[in-house]
Amino acid sequence: LRSLALEVRTRLGEEPAVVAVGGVAKERPVVLVVTNAAAREVGLKAGVLAKAAAQALGGGGGGKDDMAQGGGTDVTALPAALAAVRSTIS
């Protein structure tokens, strides 16, 4: 997931961008969030966004401002976790 998210972030250019990807590893949901410099300049931090996603998954998460991850126990909540990222940005 990490290489995918970083590649997408690179391709999005210089406008503020957040990339959130989710998947299942060892039967557990995982979300990875990355932000570009422009997004961080307007206050979007990957750690905060990953924590919001992880809460929806029934777990925890965090990390740095540019890249963070979270996980949980509820695989069926992956759509809700990505929605949590979107709503935290709004």
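These numbers come from the heavy atoms of this one structure, side chains and all, not from hydrogens, waters or symmetry mates. Quick caveat: nothing in here was measured; it's all calculated off a predicted structure.
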_Spacing of T35 atom OG1 and E41 atom CD [to the nearest 0.5 Å]_ = 10.5 Å
_Clusters formed by hydrophobic residues whose side-chain heavy atoms approach within less than 4.5 Å: which one holds L49, and what are its other members?_
V18, V24, V31, V33, V42, L44, L57, V75, L78, L82, V85, I89
*Heavy atoms only: give me the nearest A84-A52 pair and the separation to one decimal.*
CB-O, 3.8 Å
*Nearest heavy-atom neighbours spanning L32 and Q69*: CD1-CB, 3.8 Å
_Shortest non-hydrogen separation from A56 to A77 and the atoms involved_ = O-CB, 3.3 Å
*Find the distance between CD (E27) and OG1 (T73) and round it off to the nearest 0.5 Å.*
12.5 Å
*asked:* Could you report the tightest heavy-atom contact between A54 and G61, atom names first, then the distance?
replied: CB-N, 3.7 Å
*May I ask you to decide if G58's main-chain N or O and D74's side chain share a donor-acceptor pair within less than 3.5 Å?*
no
*Which value, rounded to the nearest 0.5 Å, describes the distance between N36 atom CG and E14 atom CD?*
7.0 Å
*Could you pull out the closest heavy-atom pair between A17 and A39, with the gap in Å?*
O-CB, 3.4 Å
*Taking all heavy atoms of R28 and all of G72, pick out the closest pair and write down the distance.*
NH2-O, 3.3 Å
*With V34 via side chain to side chain contact (heavy atoms under 4.5 Å, CB included) - residues at least two apart*: A5, L6, R9, V19, M67
